[in-house]
Amino acid sequence: MAKEYNFREIEKKWHQRWVEQQTYHVTEDQNRKKFYVLNMFPYPSGAGLHVGHPLGYIASDIYARYKRLQGFNVLNPMGYDAYGLPAEQYAIKTGQHPEKTTFANIERYREQLDKIGFSFDWDREVRTCTPIYYKWTQWAFQKMFMSFFCNKTQKAMPIEVLTEHFEKEGTGDWDVACTEEMSFTAEEWNSWDEKKRSDVLMNYRLAFMGETMVNWCPALGTVLANDEVVNGVSERGGYPVEQKKMRQWCLRVSAYSQRLLDGLETIEWSESIKETQKNWIGRSEGAEIKIPYMLSAEGEPEGAFTIFTTRADTMFGVTFFVLAPESELVDKVTTPEQRAAVDEYIKYVKSRTERERMIDHTVTGVFCGAYGINPITGEKCPIYVAEYVLAGYGTGAIMAVPAHDSRDYAFAKHFNLPIIPLVEGADVSEESYDAKEGIVMNSPRTEGGSVNYDGESLNLNGKTIKEAIAETKRFVKAHNLGRVKVNYRLRDAIFSRQRYWGEPFPVYYKNGIPTMVPEECLPIELPQVDKFLPTETGEPPLGNATKWAWDEKNKKIVENSLIDQKNVFPIELYTMPGFAGSSAYYLRYMDPHNNEALVSDKAASYWQNVDLYVGGSEHATGHLIYSRFWNKFLFDLGVSKKDEPFQKLINQGMIQGWSSFVYRLRNTNKFVSFDLLEEQYDDAKKKNIYYYQGTEADPVYADISMVSGNVLNVEKIREWTAEFRDAEFILNANGQYIVNQAIEKMSKSKYNVVNPDDICENYGADTLRLYEMFLGPIEQSKPWDVAGIDGCFRFLKKFWMLFWDKDGQLQVDDSEPTAENMKSLHKLIKKVSADIEEFSYNTSIPAFMVATTELTSQKCRSRKVLEPMIVTLAPFCPHIAEELWEALGHSTTVCDAPWPKWDDKYLVESMVKMPVQFNGKVRFTIDLAADMPKDEIEKAALSAPEAAKYLEGQQVVKTVVVPGRIINIVIRPA
RNA sequence: GCGCCUGUGGCGGAAUUGGUAGACGCGCUAGACUUAGGAUCUAGUUUCUCCCGAAGUGCAGGUUCGAGUCCUGUCAGGCGCACCA
C-alpha cells in the first residue's frame, strides 16, 4: 500500500505541535539580525474571512518563513482593528454590546486563520479596543495636543517652547504651522486670560479643536474624514454628505506635508501608490499677491485681500477677481446695491450638496460691486463671487486670467468679460490656452501699462513662461507686493466622531477649556451606556453615560450628578475615528504588553521599523497617510526610531467574486432566465435595462452556492429565502434557468463570497496556500476561480510520492546524487530564491512542479537532493514540509533549517548556445564564467563543438565580442 | 482634464541585462488501465498550410545583427485625483 498524502492528519498534527513548542514565538535576540514582516490587520467583520483576506497573509508568511530560514529573527505579528461602524450599527439594531459581537468575530477569525498555518507570534496579538492598547492611542493624542510644529526645523516641539516665546516676543517672525496666521505682541499675550490663551494655542497645537467645515453625514449621525467620503457620499453605506461648520478635534497633518512628500523618495513602494499620495498631498508652488480693493470705481482703496496663483506670469491678463462664496471677504467687498443679489447667490450655493457641486459644473456667480486693483498693471477689475473657487484651498480668492485658464475662460464667456491673450500664437477665440509653454507677449500691452515701483516696472515680453513666472515672483517679492508661497492640498484630519464604538478622548472641559486628563490616569475607559444612539438632545452616544465626569482632585471618573464646575467636570463625548487605533499598531507589536510605554526604547531600537508591509491599496490616502504622519510625530518625540514606518510596501490585489443575478419581472413574482431577456442600453442611467415581452426585469442577487456554471439550481433557491419560495421561474428551451454573472468585489451583500474553510477541508491548507499564490501576480486583482486548484493538489501528491515507495516505506538514502539530480535541484533553488525576493511566487510554483517531475523520472533517492527540496518548499507549504522533515529523521522543526544555496556549476551545461547564421556571419550566445577575458571567450566560441558545423570549411575573417555575452563571427566561404 | 499602470493562445499567466515567445496550470483532443469514471498515467494542443514552410506578443513606425522587452505615435482597458487657480 502506498503511503497516502493525508493532509488532514498532517495539518492537525503540526498545528498542535507549533503551539506546544512555541515555534513562532520571537524575542529581541541581539545576536541575530531582525526582520519585521507586517500585514494590515483586519477589521473582524461578521461575515468571517473570505478567500481574499489570506492572499496577502500567505504572501507575507512565505516571505517571513523564507527570511527565518535565511537566519533572520523574524517578527510576524497579527491583531485586530476592532473599532468600527458595522459593530456599532449592529448594536443599535439588536442592543448587543459591540464588544460582544466584536470579540465573537475575533474568535471566528482566529479559528479560520489557524487553519491556514501562519507563522504568527500570537503572544503579540493586539486589539485596538482593549484599554491596554488604546491607552497608547490616547497617550499619543495627548502628546500631539502638547506639541506644535516648527516650519523651519520641520519638527514637532513641546508647546511650552512656544508659550515661552509668546511671553517674551509675542508671535514675532517664528514660522510655525498654524490654522490661520496670527500676529500679537508679548504684552497682548501676557494680558490674556486662560480661556483666550487656550483658544489662541488651538491655532498651533498638532491635535487641536477647530471650527472647520466638516463632512457631516446625517444618516450616520457623524462627521467623516475626507478619505471616508467617496464621490460626495459616505464610503460606508453610501449616504449623502453635506458641508457643515462644526467644532471638532483635528490633527494638523498638513504641517507634515513636505516631510510626507520627501519621505516617499526614501521608501520602496509602488510608483502608483506613491503617485496617489503625491496627488493627495498636492504640493503647488506659487505666489500670494495682495490685491487692494475699493467699493466704487473711483476713489481710494478701502482694504486688501490676498490671492494665490501658480501662474504669476499671467498678471497682465487679469480681467476680474473671484472669491469663494464661503470666504469671509465676501461681506466686506459687497456694495449695498449688490447686497441682495449676493445674499441670494450665497443662499443658492448653500442649498447645493457636495455631490451636486461635484457633478454639475454650470457657470454660476455674481458681481459684488467692488473692484480689485491689479498691482502690476494698476488696472481696476470687478470682483465676483462664484462657487468654482473653493474656500479651502489657497486663500479662497483668485485672480482670473480667462485667456489661460479654462475655468476662468468659461466664466468670462458667460459674463461677457474681456479675454486678453498673453502667449504668442495662442488662439483663444474658442478655448483657453492652459499649457505652460510658449513666449510671453502683451506684458505689458502698452507703454506705461506696467506700474513703476522704486524705479522698476515689470516687463515679461519675449520671455518663456517659465522665465516669466520666476521673474514675476522676484518682482513681487522685491517690491513687497506679496510673497512666494507653497500650498498643499492635504487638509488637516478631522479627528472626532459622534459615535460610541471608538476610543474615548482623555479630555474634560474645565469651564469650557479642553483639559487633558493627567498622563498617569490613562487610559480613560469607554463607559457603559444603555443605548448606542445619540441622546434626545442630540448629543453623541456617550451622552447616555451616567458616570462620565472627571473629578480633578481625586483623579478619577465619577457620576455626572457630581459635576459642579469646581472640582468635577464633564468629559468629552466624542470618540476617535477608525484610523486612530491603526496608526501606530506596528510599534505596539514590538512590545505589546508594556504598560509603562507605547514601546520600550530597547524593543524599538531592535525592531526599528517594518521591513515589509503587505495590504490593500485602498488605504493609499487614508491609513497609509495617517500612519506615516503619526510615525513622523512619534519619531520627533524619539519614540519611533525611523522617520518612515514601512520600508517596503506590497499591495496585494483584490480577489473578486462571481456575482450571479436572477431577473424578476417588475411587480410580479416571476423570474426569467437571462438568455430570454432583451437588452437595451440606457444612456441616462449608463447601464443595461432588460425586458421580457415588454415588461422590465430587475436584477436580484442569487447566492453563488445556488449556481453551477451559469445554471441556477431552482430547487435550492426556493429553500434559500421566502422571496423565492413561491416564485415562478420561466426557463429556457433546455429547461434551464440561466443567470447573469459579473465580476465584483467579494462582499456578503453581493452573495459572492467564497470561504477558505471549504478549500482547507477538501484539499488542505498547503494546497490553499499554493493555489492562492498560483492564481497570478500578487499585486493584481483577479477573480476567484477554483478551476486550477486540482493542479496544485496533484503537485503536492506527486511531491509526497517522491519520498515513499509502493509499500509506504521511506525511499530516501544516502547515495550520491547524479549531475542531473543536482541540476534539477539547483535550478529550483535559484529560481525560488529569486522569486521570493521579488514576490513573484506564482512563477516559483511551476519551478517546483518541473523539479518534482524531473526528480521523479530520474528516480532520485538521494537525501542530499531531497532534503533541500523540503526546505525550499517549506515557506509555501509548511505542513507537508514539517511532516517530511520529521520523516527524514530530524528532531528540530524545518523552520530552523538553513535555506539552501544554489551553485552555478551544476547549471552551466555547455559554453555555447544558439548558433545562428545571418549575412555571412555566425552568432553565438556564450554563458560567461565570472571574469572570463575577451580572447578566451573567442577561443571558447571558435572551438565549441556546436560551432564546428557552421565553421567547417569556412574562413574566419573577424570575431566581435559584444558586451554582455554575444559573439559575432564573420566568415568567408572557402 | 491631469497623473499612473496594463495590453502575449480557448483561459490564468511564463519569458535574467534586448538573445530559441507561449514555461507551469486549467481547458480541450487522442490513447492506456478500467464495469465505469468527474480517479490515475502517456502523448498532443499559438495560427495558417497536405507537407516543406510561413506568420505571430493591441495597432503604426523607429533603434538594433537581433525587440514581448528600448524609443515615438496611436487605440483599448484599469486605477488614482479632480472646478486645487
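Residue numbers start from 1 in every chain, and the chains themselves are labelled A, B, ... in the order their sequence lines are given, proteins ahead of strands. Side chains are part of it too, since the values below use all heavy atoms of this structure and drop only hydrogens, waters and symmetry mates.
Comparing the P positions of G18(B) and G9(B) gives a spacing of 24 Å, expressed to the nearest Å. Between the C1' atoms of A23(B) and G12(B), the separation comes to 13 Å (whole Å). Rounded to whole Å, the separation between the P atoms of C79(B) and A15(B) comes to 25 Å. Going from the P atom of G66(B) to that of U20(B) covers 15 Å, rounded to whole Å. C59(B) sits 14 Å from G10(B) when the P atoms are compared, rounded to a whole Å. For the P atoms, the distance from A76(B) to A82(B) is 25 Å, rounded to whole Å. Nucleotides C65(B) and G58(B), compared at atom C1', are 28 Å apart to the nearest Å. For the P atom pair drawn from A39(B) and U45(B), the interatomic distance equals 23 Å after rounding to whole Å.
We find the CZ-CD distance between F308(A) and E288(A) to be 7.0 Å, quoted to the nearest 0.5 Å. The NZ atom of K278(A) sits 15.0 Å away from the CZ atom of R489(A) when rounded to the nearest 0.5 Å.
Within the shown strands, nothing qualifies as a pairing partner of G38(B) under the Watson-Crick or G-U definition with both distances less than 3.5 Å. Pair assignment for A21(B) gives none, since no Watson-Crick or G-U wobble pairing has each distance under 3.5 Å. Pair check for A15(B) finds none; no Watson-Crick or G-U wobble contact set falls under 3.5 Å. Searching all strands for a Watson-Crick or G-U wobble partner of A67(B) with both distances below 3.5 Å returns nothing. Under the Watson-Crick and G-U wobble criteria, each requiring two contacts below 3.5 Å, nucleotide C26(B) is paired to G10(B). The base-pairing partner of G3(B), taking Watson-Crick or G-U wobble contacts with both distances under 3.5 Å, is C79(B). Across all strands shown, G56(B) has no partner, as no Watson-Crick or G-U wobble contact with both distances under 3.5 Å is found.
Side-chain rings of Y293(A) and F321(A) stay apart, their centers remaining 6.0 Å or farther from each other. Aromatic pair F320(A)/F415(A): centroids not less than 6.0 angstrom apart.
Nucleotide A14(B) holds its C1' atom 14 Å from the NZ atom of K827(A), rounded to whole Å. The CZ-C1' distance, from F320(A) to A85(B), rounds to 11 Å in whole Å. Between L828(A) atom CG and C24(B) atom P the separation is 14 Å, expressed in whole Å. In this structure, CD of E779(A) is placed 14 Å from P of G13(B), rounded to the nearest angstrom. Rounded to whole Å, the distance from CE on M654(A) to P on G78(B) is 14 Å. The interatomic distance linking E285(A) (CD) with A85(B) (C1') rounds to 15 Å, in whole Å. When rounded to the nearest whole Å, the span between CZ of R283(A) and C1' of A85(B) equals 17 Å. Taking atom NZ of K798(A) as the reference point, atom P of A39(B) lies 14 Å away to the nearest angstrom.
Using a 4.0 Å heavy-atom criterion, one finds that I398(A) contacts the bases of the nucleic acid, with or without backbone contacts as well. Counting non-hydrogen atoms under 4.0 angstrom, P783(A) reaches nothing in the nucleic acid.
When distances are taken from the side chain of K831(A) to each of A85(B), A15(B), G13(B), the shortest belongs to A15(B).
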* To do: In sequence, state the C-alpha distance, the side-chain angles, and the governing distance for N487(A) and S284(A), and then conclude on side chain to side chain donor-acceptor pair (under 3.5 Å).
  => CA-CA 5 Å; N487(A) 261 333; S284(A) 67; 5.5 Å; no
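Of the possible donor and acceptor atoms, none in the side chain of N842(A) sits under 3.5 Å from a partner among the backbone N and O of M773(A).
In this entry the base of G25(B) is anti relative to its sugar, with a glycosidic angle more than 90° from 0.
Residue order along RNA chain B, read from the 5' end via each residue's closest nucleotide, puts I845(A) first among I845(A) and G394(A). When each of K830(A) and T309(A) is assigned the nucleotide of RNA chain B bearing its nearest heavy atom, the one mapping closer to the 5' terminus is K830(A).
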Below 3.5 Å, can you tabulate the donor-acceptor pairs from side chains in residues 789-801 of chain A to any protein atom, sequence neighbours excluded?
from, atom 1, to, atom 2, distance (Å)
D790(A), OD1, Y763(A), OH, 3.2
W800(A), NE1, K3(A), O, 3.1
W800(A), NE1, E4(A), O, 3.2

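Two residues are said to be in side-chain contact when any heavy atoms from C-beta on lie closer than 4.5 Å; L770(A) and C877(A) meet this criterion. The shortest side-chain heavy-atom distance between P325(A) and V330(A) does not fall under the 4.5 Å cut-off.
Judged by distance alone, the side chains of T364(A) and Y345(A) do bring a donor and an acceptor atom under 3.5 Å apart.
Here F774(A) pairs with nothing under the ring pair (Phe, Tyr, Trp, His ring centres under 6.0 Å) rule; sequence neighbours left out.
Under a cutoff of 6.0 Å and an axis angle of 45°, R628(A) and W269(A) form a cation-pi pair.
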For nucleotides 81-83 of chain B, list the nitrogen or oxygen atoms of the protein found under 3.5 Å from its nitrogen or oxygen atoms, one pair per line.
from, atom 1, to, atom 2, distance (Å)
A82(B), OP1, R489(A), NH1, 3.0
C83(B), O3', R407(A), NH1, 2.5
C83(B), O2', Y388(A), O, 2.7

Polar atoms only, N or O, under 3.5 Å: list the protein pairs with nucleotides 4-10 of chain B and their distances.
none

Check nucleotides 26-31 of chain B for protein N or O atoms closer than 3.5 Å to its own N or O atoms and list the pairs.
from, atom 1, to, atom 2, distance (Å)
C26(B), OP1, R794(A), NH2, 2.1

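Every pair passing side chain to side chain donor-acceptor pair (under 3.5 Å) that includes a residue from residues 313-327 of chain A is listed here, sequence neighbours excluded: R311(A)-D313(A), E326(A)-R357(A).
For E268(A), the CD atom sits in a packed shell: over 12 heavy atoms of surrounding residues, nucleotides or ligands are nearer than 6.0 Å.
Look at N842(A) and you'll find a side-chain N or O under 4.0 angstrom from OP1 or OP2 of A14(B).
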